[in-house]
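All heavy atoms count here, side chains included; hydrogens, waters and symmetry mates do not. Numbering starts at 1 and runs along the sequence shown.
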Amino acid sequence: MPKNTTQLRRLWKAFECEEREMVLIPFGPDRIRVAPPTTQAFEALAAVMHHHGYHVRTQDTDSYNCRTITGGTGKSLHSYGIALDVNWETNPFLNHAGTRLVRFSDKDTQARRALDVRAGVADTDMTKAMIEDALRIRTRDGTRVFEWGGSWRDRKDCMHFEMDVSPAELAVGLDPASIVGLEEYLASLQGPGFEPPPIVAPTQPVTHDRHEVIARSGLRLRSGPSASSDVIRVVPPGTQLDVMARQDGWALVDFLGDGLADGFMSAAFLRPVGGVAPITVERGGEIVHAPGDITADVTPEIVARMFPHTRKANIVAHLPSVLAGLRECALGDRQMVLMALATIRAESEGFLPISEGISGFNTRHAPFDRYEPGTSAGNRIGNTQPGDGARFKGRGFVQLTGRDNYGRVGRQIGADLLRTPELANDGPLAGRILAQFLKNNERRVRAALAVDDLRTARKCVNGGAHGMDRFRNAYELGELAIPG
């Protein structure tokens with residue numbers, strides 16, 4: 001018999017609304033926050049969905065959330081990190097009259113099944129076969145791991161999956177034979193779409209002839225130095241770039257600061273940038289904001305509009321540290337504030353520095369052994385000593401990972417992260433680390449944002465597209481909410 005909500009609350013009481021106890025793990029293209037004992041179980045669920053070709057949308061998928069249960073007064077199981085809602089736009093909660101079985105669509109694609117849901121002839125865009133495989137997941141002792149909200153006869157909550165086990169029952173491990181597609185899913189995390197832990201590259205001292213676009217309606221980037229050359233794109237006013245050479249009133253320009261040419265622009269509409277001044281200065285103990293800095297106008301109320309599923313208390317607690325870090329790195333302009341906030345939304349949703357959890361992405365036999373010295377990931381992120389994998393696992397707002405990164409960023413911000421890596425989850429330092437990470441990648445980020453290429457901007461931080469839906473949603477909400 002499935003455990004009821006009261007039993008599960010008692011069994012998982014130690015994790016109730018303990019947000020700092022949650023860990024971050026991959027879930028398909030997303031990252032979710034869950035209670036540590038559940039990581040392998042949620043990974044198994046992700047494997048089943050991947051096996052059945054089911055696409056998880058990051059924008060309407062969520063796990064930990066300290067809140068009251070829908071239609072009740074007690075705590076939701078999301079408050080314990082043991083529940084997950086997947087694609088709620090196409091798996092809506094239905095409080096129907098009477099009792100009945102769930103209605104599956106017989107269509108052959110997820111998109112067509114979603115149309116049946118919207119037409120009211122199906123309850124879910126998931127398939128019966130996928131749900132059956134999800135409910136077959138067992139512990140080594142044979143205990144069923146998941147309960148699915150679509151199985152409830154008096155109502156349908158097809159987005160909802162929850163643990164049907166205690167921490168002690170999960171501790172015996174999962175039966176690999178009960179999980180379809182596990183190896184296939186883990187291989188997908190390491191294969192062509194593999195997104196390595198973030199590598200923070202230091203800013204290289206290079207001499208640039210920095211200019212900005214001053215054409216009111218934008219300036220055309222052309223393939224050659226003439227008005228008849230093909231237009232590559234139109235670059236917005238205020239965009240900064242490097243002039244590499246000049247020819248008959250035309251400038252050969254480099255957007256990324258990597259010494260490679262991107263095209264030609266009319267030199268008459270480019271104005272030299274006389275160095276980058278600090279965003280803030282201290283004057284009599286008071287912070288004075290330089291022109292272009294908007295951090296004084298960014299309030300928790302505004303940011304909450306970008307984080308519709310996040311506790312406002314977390315935003316109130318940590319926003320000052322994030323903004324202070326951006327000011328210190330001269331990144332307090334609107335573009336980089338939006339970038340920083342959208343990054344937090346994509347990485348963890350909760351506006352709280354958080355640790356990476358154990359998953360097949362980082363663990364084969366022992367916790368985080370995929371990051372150990374001698375492994376491909378461990379070598380890439382500079383881990384050199386036994387135990388470095390767990391010691392320098394992902395932490396903070398940007399999931400800083402690896403000995404090289406902890407050492408480099410620690411030196412840049414004046415903190416000994418090598419000796420005390422846990423400091424990466426300390427609020428003020430986590431805000432500074434996020435800002436330094438963006439500063440190290442500033443040229444590439446700004447070049448991508450200048451042409452509204454949010455996917456490339458996201459890759460500058462993440463290395464891939466994890467959380468892209470949430471990143472885009474937060475950035476676009478921020479454009480509406482944050483003064484420009």
Side-chain angles (χ1 to χ4, degrees), residues 1-28 30-49 54 56-95 102 123-124 126 130-131 134-135 137-139 143-152 154-170 174 308-311 348-350 352 354 357 359 470:
M1 291 291 294
K3 295 177 176 64
N4 61 39
T5 300
T6 300
Q7 290 172 316
L8 289 168
R9 286 174 180 152
R10 186 183 70 251
L11 292 168
W12 292 87
K13 181 67 176 176
F15 296 96
E16 181 182 335
C17 289
E18 293 291 342
E19 191 162 4
R20 286 192 174 275
E21 294 298 316
M22 300 299 137
V23 292
L24 201 63
I25 64 168
F27 190 85
D30 202 0
R31 287 194 175 98
I32 60 174
R33 297 173 295 158
V34 297
T38 69
T39 59
Q40 290 181 314
F42 281 114
E43 182 174 76
L45 180 61
V48 169
M49 291 186 174
Y54 187 77
V56 175
R57 297 185 299 270
T58 65
Q59 187 174 331
D60 56 330
T61 295
D62 200 18
S63 47
Y64 172 83
N65 189 348
C66 182
R67 63 174 175 82
T68 302
I69 196 167
T70 302
T73 57
K75 281 286 188 289
S76 161
L77 295 184
H78 290 277
S79 303
Y80 303 81
I82 63 171
L84 174 68
D85 288 343
V86 179
N87 292 0
W88 55 70
E89 292 293 334
T90 51
N91 295 290
F93 178 83
L94 299 172
N95 195 5
V102 65
D123 298 318
T124 177
M126 301 178 187
M130 187 182 84
I131 295 302
L135 299 181
I137 299 171
R138 296 287 193 275
T139 67
T143 303
R144 193 179 80 171
V145 172
F146 284 104
E147 170 78 356
W148 179 53
S151 299
W152 302 333
D154 60 335
R155 65 201 186 282
K156 299 295 174 287
D157 196 4
C158 296
M159 70 182 86
H160 184 80
F161 295 84
E162 63 185 43
M163 293 291 118
D164 195 23
V165 287
S166 68
E169 287 171 322
L170 277 180
L174 301 184
H309 311 295
T310 298
R311 294 175 65 221
S348 69
E349 183 87 20
L352 186 77
I354 194 169
S359 71
R470 286 203 292 239

From OG (Ser76) to CZ (Arg67), nearest 0.5 Å: 4.0 Å
Ala134 to Leu45 - nearest heavy-atom pair and separation: CB-CD1, 3.8 Å
Point-to-point distance, once rounded to the nearest 0.5 Å, from CG of Asp30 to CG of Asn87: 9.5 Å
Note, Arg10 side chain near Lys13 side chain (heavy atom, < 4.5 Å): no
Basic-acidic side-chain contact under 4.0 Å: Glu349, Arg470: yes
Main-chain N/O of Val165 paired to Trp12 side chain as donor or acceptor, under 3.5 Å: yes
Step-by-step side-chain contact (heavy atoms from CB on, under 4.5 Å) determination, Val86 to Met49: CA-CA 11 Å; Val86 179; Met49 291 186 174; 4.1 Å; yes
Taking every non-hydrogen atom, the tightest pair across Leu170 and Pro37: CD1-O, 3.5 Å
Heavy-atom donor-acceptor pair, Arg138 side chain to Leu135 backbone, under 3.5 Å: yes
Closest non-hydrogen atom pair, Leu8 against Met163: CD1-O, 3.3 Å
Atom pair CG/CG of Asp60 and Asn91 - distance to nearest 0.5 Å: 8.5 Å
Residue pair Lys75 / Cys17: nearest heavy atoms and the distance that separates them: CE-SG, 3.4 Å
Rounded distance [0.5 Å steps], CZ in Phe93 versus CE in Met159: 8.0 Å
Salt bridge (charged side-chain N to carboxylate O under 4.0 Å, His left out) partners of Glu18, counting only residues at least two apart: none
Side chains of Gln7 and Ser166 in contact at under 4.5 Å (non-hydrogen atoms): no
4.5 Å side-chain heavy-atom contact, Arg9 and Leu77: yes
Check against side-chain contact (heavy atoms from CB on, under 4.5 Å), Leu94 and Trp152: CA-CA 11 Å; Leu94 299 172; Trp152 302 333; over 6 Å; no
Side-chain donor/acceptor of Ser63 to backbone N/O of Leu84, under 3.5 Å: no
Exam field: side chain Asp85 to backbone Asp62, donor-acceptor pair closer than 3.5 Å: no
Minimal non-hydrogen separation, Met126 against Thr124, with atom names: N-OG1, 2.9 Å
Partner set under salt bridge (charged side-chain N to carboxylate O under 4.0 Å, His left out) for Glu162, not counting sequence neighbours: none
From Phe15 atom CZ to Ile82 atom CD1, the distance as rounded to the nearest 0.5 Å: 10.0 Å
Residue pair Arg57, Thr90: steps toward the side-chain contact (heavy atoms from CB on, under 4.5 Å) verdict: CA-CA 10 Å; Arg57 297 185 299 270; Thr90 51; 2.9 Å; yes
Sequence-distant partners of Phe146, ring pair (Phe, Tyr, Trp, His ring centres under 6.0 Å), two or more places apart: Phe42
For Gly150 against Cys158, the heavy-atom pair lying closest together: CA-SG, 3.8 Å
Close side-chain approach of Thr39 and Ser359, heavy atoms under 4.5 Å: no
Separation between CG of Leu174 and OG1 of Thr143, rounded to the nearest 0.5 Å: 10.5 Å
Sequence-distant partners of Arg33, side-chain hydrogen bond (donor to acceptor under 3.5 Å, both in side chains), two or more places apart: Glu19
Residues in side-chain hydrogen bond (donor to acceptor under 3.5 Å, both in side chains) contact with Gln59, at least two apart in sequence or another chain: none
Residue pairs involving residues 56-88 (criterion ring pair (Phe, Tyr, Trp, His ring centres under 6.0 Å); sequence neighbours excluded): His78-His160, Trp88-His309
